[in-house]
Amino acid sequence: MAGGKRTTARHQHNHPPPPPPNPSPNRGRGVADPPPASDDSPSSKRMLAFHFLRALARIHSTTPAPRRPRTIRRAAYSSMARAASPRRAWTQALLLRRARSRGVAVVGSSRRAVLLRRRVSASAPPPMLRASAGATSAAAPPVQGPPPRQAGEPARADALRRIVPGGAGMEYCSLLDETADYVLHLRAQVQLMQSLVDLFSPPNPTSN
Amino acid sequence: MSNRRSRSRQSGSSRITEEQISDLVSKLQDLLPEARLQSNARVPSARVLQETCNYIRNLHQEVDDLSERLSELLATSDMSSAQAAVIRSLLM
């Protein structure tokens with residue numbers, strides 16, 4: 001899904017849906033987010049399967065057995081991040097985390113390392129990309145502590161900031177938007193892995 | 001990534017912001033499993049966020065469990081034929 005240049009900054013997807021009818025007439029530029037089904041598109045699933053299967057093949061041939069569960073888990077999150085939009089804060093956080101951990105011990109090939117560095121350097125670090133609610137966009141630096149709690153923001157938002165990648169420095173509106181996108185892709189990854197387990201399992205289900 | 005959304009709307013759009021937050025919370029609620037929350041009922045934001053945290057933690061746990069399971073299966077299965085079968089079924 002590589003087609004998002006800077007001239008199309010407003011369109012997160014290749015097929016932007018028509019904006020929903022906004023009840024407030026004050027320049028109704030609300031969050032024209034696509035329905036959840038479009039983020040779960042077949043092409044996105046194919047990208048997810050492509051990245052994860054390629055990683056599994058490499059793990060199968062190069063990773064020693066005791067380290068495979070952890071490596072597979074990391075590959076799962078990396079595949080999620082690559083299949084999703086590169087402008088999402090959570091994908092940038094995951095890929096950046098991956099690049100940092102890979103910098104300590106370079107295990108992959110040089111081509112992959114270059115690809116990772118290119119992706120990380122191409123995407124800007126600030127996590128507040130989706131400042132769709134312009135009224136509440138804070139000027140606080142992203143790496144520091146969480147922004148002051150917004151009026152009406154539940155206390156549980158801090159828990160979300162801890163478990164959503166890149167959510168630490170996010171303000172409330174962006175956090176909600178990123179969380180929805182993250183849940184969609186995380187669920188698709190779980191479904192993919194479950195399909196693989198079913199297919200790899202022997203025809204005699206003795207483990208159940 | 002040119003951010004065209006000007007910040008001049010900060011002062012005068014608190015009303016729009018509340019509606020946007022309500023829409024985003026509703027979107028999150030729709031993503032949760034049906035058994036957890038009734039989609040037609042009006043649930044407070046704190047409850048939706050709590051259920052979302054639980055759901056994400058469950059999905060994280062499933063990734064861990066499935067990673068263990070895949071690791072075991074990779075050690076015993078023939079990768080070439082299994083991979084062909086997987087690709088054929090997933091990409092159709």
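So that the names make sense, note that chain A is the first sequence line, chain B the second, and so on, each numbered from 1.
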Looking at every heavy atom in both [X] and [Y], which two are closest together, and how far apart are they?
X: Met193(A); Y: Val63(B); result: CE-O, 3.8 Å
X: Arg156(A); Y: Cys53(B); result: O-SG, 4.2 Å
X: Leu66(B); Y: Gln194(A); result: CD2-OE1, 3.4 Å
X: Lys27(B); Y: Asp177(A); result: NZ-OD1, 3.9 Å
X: Pro69(A); Y: Ser71(B); result: CD-OG, 3.4 Å
X: His60(A); Y: Leu74(B); result: CE1-O, 3.0 Å

Kindly say whether Leu31(B) contributes a backbone atom to a donor-acceptor pair with the side chain of Arg187(A) at under 3.5 angstrom?
-> yes
Exercise. Nearest 0.5 Å please: distance from the CD atom of Glu68(B) over to the CZ atom of Arg73(A).
Key: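 The CZ atom of Arg73(A) is 8.0 Å from CD of Glu68(B), to the nearest 0.5 Å.
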Check whether any side-chain heavy atom of Leu160(A) lies under 4.5 Å from a side-chain heavy atom of Ile56(B), and answer yes or no.
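Of all side-chain heavy-atom pairs linking Ile56(B) with Leu160(A), at least one is under 4.5 Å.
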Just wondering, do Leu73(B) and Leu196(A) contact through their side chains at under 4.5 Å, heavy atoms?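 No. Closest side-chain heavy atoms not under 4.5 Å.
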Would Leu186(A) and His60(B) count as a side-chain contact (heavy atoms from CB on, under 4.5 Å) if you check the C-alpha gap in whole Å, the side-chain angles of each, and the deciding distance to 0.1 Å?
-> CA-CA 8 Å; Leu186(A) 186 58; His60(B) 284 168; 3.7 Å; yes
Chain B contact via Ala159(A) - side chain, backbone, both or neither, heavy atoms under 4.5 Å
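Both backbone and side chain.
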Show, in sequence, the C-alpha distance, side-chain angles and deciding distance for Leu176(A) and Leu49(B), and conclude whether the side-chain contact (heavy atoms from CB on, under 4.5 Å) test is met.
CA-CA 9 Å; Leu176(A) 293 176; Leu49(B) 293 194; 3.6 Å; yes
